[in-house]
Student: 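Structure incoming, see below.
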Protein chains: 2
Amino acid sequence: MKKQAVKLEDVAAVAGVSKTTVSRVLNHRGYLSQGTIDKVHQAMQELHYRPNVIARQLFQQKTNLVGLVFPTVDNPFFAQLEAQLDQELYRQGYRVLMGNSQNNPEREEAYLRQLLNGQVDGLIVGAHNEGIEQYRDTQLPIVSIERWVSKDIPVVAADNYAGGRMATQRLLDDGCQHIIHTNYPHGLPSPNLERRRAYEELMQARHRPAITYEVNFDSTDEEKRAIFNRLFTEHPEVDGVFADNDTNASLIIQVARKRGRHIPHDLKVVGFDGANMTRTLLPELTTIQQPIDEMAKRAVELLQKRIVGEQATGSVQLPVKLIDGGTA
Amino acid sequence: MKKQAVKLEDVAAVAGVSKTTVSRVLNHRGYLSQGTIDKVHQAMQELHYRPNVIARQLFQQKTNLVGLVFPTVDNPFFAQLEAQLDQELYRQGYRVLMGNSQNNPEREEAYLRQLLNGQVDGLIVGAHNEGIEQYRDTQLPIVSIERWVSKDIPVVAADNYAGGRMATQRLLDDGCQHIIHTNYPHGLPSPNLERRRAYEELMQARHRPAITYEVNFDSTDEEKRAIFNRLFTEHPEVDGVFADNDTNASLIIQVARKRGRHIPHDLKVVGFDGANMTRTLLPELTTIQQPIDEMAKRAVELLQKRIVGEQATGSVQLPVKLIDGGTA
DNA sequence: CTGAAAGCGCTAACAT
DNA sequence: ATGTTAGCGCTTTCAG
């Protein structure tokens, strides 16, 4: 425990005024004579004074920090989302405390335990773990993105169902007869399942089998490639794939090409997400684009309302858009 | 300023002991009778007590937070780097405060102003702005990644010079006669320039012109595409490109293909970075891979040393690796 | 084994 | 226009 740092008291001493006055100068509050202001400023300069943020936070019971609890930032969707959240929060005067759970429930709990203890003014969550009770036990303002957490926590999500329909419909319109879908394993409480539901409903309406290959979010690329290879082996007739995210779509295309398939001639592929980075690196991918920036914006708006005490409940569903790449 | 939260004092009251005792139970310090411990625990449960992190931080003059100051997280290199830094810092008991400057000096300064005020225990920086003085003015432990900040701040970087040579050499070995390079505009104090220097030296040794097209980090994809189109118009003879990062490499390939070039037949391209996300989405890109995870690890080690007061100076340079994709 | 009291650095009533 | 004082919630000497 060090304590050499110059503090408000030292400035006061040098300037020959009281701590209150220095505090007032610092916060532009109350009436000050210009002379005093100058003296104080000079003393601050002289001492290289830096107000201690923590002390202020303790007093104000406010940290101007918002926690972001997501699986990882090393992924096109989350990278853009977190960047945008950071951007929007910055505007509102908040800084961001990162809490990437790596899909590890222990880590998610560890973050929560700490964050809920007055460390942040609010939380935006989008991690994929289940059954974490702590979210219920708190008064902290929370908003969720693309994840159902508990019923009093508002969710901001894209219209996943519509997206699922668009993707499937596009493949059907393209004349695909055997369309396969990829998604998470059942059981994760994610609006992602709506993509699957839409696919299944549409296939059923056409009296066609709905086949979903399940892929864990945190499998390695190699494991995913293995699954997709299996897909083509088990279903050589497949002529259309609706992948639940662009990374999987990309891997499927790679695997298919290695197996001699030509895209879109032999096989059509539609992805999901349409994040900046994927659009830059893989513009030829046809995909359902989520309005990621808008989602971030809306989440921050909701959170801000909750923080100032307004009753922001209910969820927000944002429209998606089909981006024509060339793979479908 | 709210103050309903249950605090240590409330727990003490319910348990019928003093604040000191509760604090001791909380921190497993000193001698306590089992009876007291149980009573206190029960009171905590009953009241849903959560120790206030900020108060503890104020007392201890330690936040267990590390600030990350980088341009953005929405980019394959920085996404992986920040994810990995988060990972390593988590291990050491630190949480991460994000400070993405968006290449905006004002924002970088705003972050610094705040972070240097006791908000974090240390800083890892890699933003690209110049001339920010505040880094010098502080006692805070700082480590930099791929950026020269000031002479007492250690830098962790890849061996950019070797990387630049490898890339250029590879293109020469491939038989390229007209190799063009892309890089940042001159003036940014980045080890990135070493890539350019290596390219220029090697070209000069072969008595070939060294031509560098300058591309701003934060230009839009469209602006970048325009520059690369210009590149092909002004230098139709080009048969090899060494891009200073994989995103540019990808854009160059796209532009070239649109102009009817076949890769690698008509044009060979080598990128730089080799981040996970690029490897997943664009495995066919030949690139110089930086050891991103290792860089994160070393940076955290250095920072940790500085935080505990060891004299960690000097810089770390890590080897790079050529990844054979197929574009060169 | 436990408690009283001081203090981390700052702010805001409430004086004057 | 400025100062005095109390206190944000916690930890830790120092006493007992």
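Remember, it's a predicted structure, so these values are computed and weren't measured experimentally. In what follows, chains carry the letters A, B, and so on, assigned in the order in which the sequence lines appear, proteins first and then strands, with residues in each chain numbered from 1.
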Student: Is there a side-chain contact between A:N27 and the phosphate of C:dT11, meaning an N or O under 4.0 Å from OP1 or OP2?
Tutor: yes
Student: To the nearest Å, give me how far apart CG (A:L47) and C1' (C:dG9) are.
Tutor: 15 Å
Student: Would you kindly give the CG-to-P distance between A:L8 and D:dG3, to the nearest whole Å?
Tutor: 12 Å
Student: How close or far is atom C1' of D:dC10 from atom CG of B:N64, stated in whole angstroms?
Tutor: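 To the nearest whole Å, that distance equals 15 Å.
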Student: With B:V53, which of B:Q57, B:R56, B:R50 fulfils side chain to side chain contact (heavy atoms under 4.5 Å, CB included)?
Tutor: B:Q57
Student: Taking only N and O in the side chain of A:Y31, is any of them less than 4.0 Å away from OP1 or OP2 of C:dT16?
Tutor: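 So the side-chain polar atoms of A:Y31 never come under 4.0 Å of the phosphate oxygens OP1 or OP2 of C:dT16.
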Student: Hey, is the main chain of B:N192 close enough, under 3.5 Å, to the side chain of B:E146 for a donor-acceptor pair?
Tutor: no
Student: Once rounded to the nearest 0.5 Å, what's the spacing between atom CD of A:E108 and atom CG of A:L115?
Tutor: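 These two atoms lie 10.5 Å from each other.
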Student: Find the distance A:K39:NZ to D:dG3:C1' and express it as a whole number of Å.
Tutor: 13 Å
Student: How close or far is atom P of D:dT5 from atom CZ of A:F59, stated in whole angstroms?
Tutor: 17 Å
Student: Is the side chain of A:N103 donor-acceptor paired with the backbone N or O of A:P71 at a distance under 3.5 Å, no angle test?
Tutor: no
Student: I'd like to know if A:T20 reaches the base of D:dT4 with its side chain, counting only an N/O donor and acceptor under 3.5 Å.
Tutor: yes
Student: Under 3.5 Å, is there an N or O donor on one side and an acceptor on the other linking the side chain of B:R50 and the base of D:dG9?
Tutor: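 Side chain to base: no pair below 3.5 Å.
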Student: Count the heavy atoms belonging to other residues, nucleotides or ligands that lie under 6.0 Å from CD of B:Q42, then report whether that count exceeds 12.
Tutor: no
Student: Can you tell me the distance, in whole Å, between the CG atom of B:N52 and the C1' atom of C:dC10?
Tutor: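 In whole Å, C:dC10 C1' and B:N52 CG are 15 Å from each other.
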Student: Which nucleotide in the list D:dC10, C:dC10, D:dT11 gets nearest to the side chain of B:S23?
Tutor: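 The nucleotide sitting nearest to the side chain is D:dT11.
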Student: Nearest nucleotide by nearest heavy atom, which residue falls closer to the 5' end of DNA chain D, B:R24 or B:I54?
Tutor: B:I54
Student: For D:dA1, does either OP1 or OP2 sit under 4.0 Å from a side-chain N or O belonging to A:T21?
Tutor: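 So the side-chain polar atoms of A:T21 never come under 4.0 Å of the phosphate oxygens OP1 or OP2 of D:dA1.
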Student: Is there a side-chain polar atom (N or O) of B:T36 under 4.0 Å from OP1 or OP2 of C:dC1?
Tutor: no
Student: For C:dT11, does OP1 or OP2 lie under 4.0 Å from any side-chain N or O of A:Q61?
Tutor: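 So the side chain of A:Q61 is outside the cut-off, no N or O lying under 4.0 Å from OP1 or OP2 of C:dT11.
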Student: Is the shortest side-chain N/O distance from B:R56 to OP1 or OP2 of D:dG9 below 4.0 Å?
Tutor: no
Student: Rounded to whole angstroms, how far apart are NZ on A:K19 and P on D:dT2?
Tutor: 18 Å
Student: Among C:dT2, D:dC8, C:dC8, which nucleotide sits nearest the side chain of B:K7?
Tutor: D:dC8
Student: Distance check needed: C:dC8 C1' versus A:Q57 CD, whole Å only.
Tutor: 14 Å
Student: Which of these nucleotides, C:dG9, C:dG7, C:dC10, is closest to any side-chain atom of A:L58?
Tutor: C:dG9
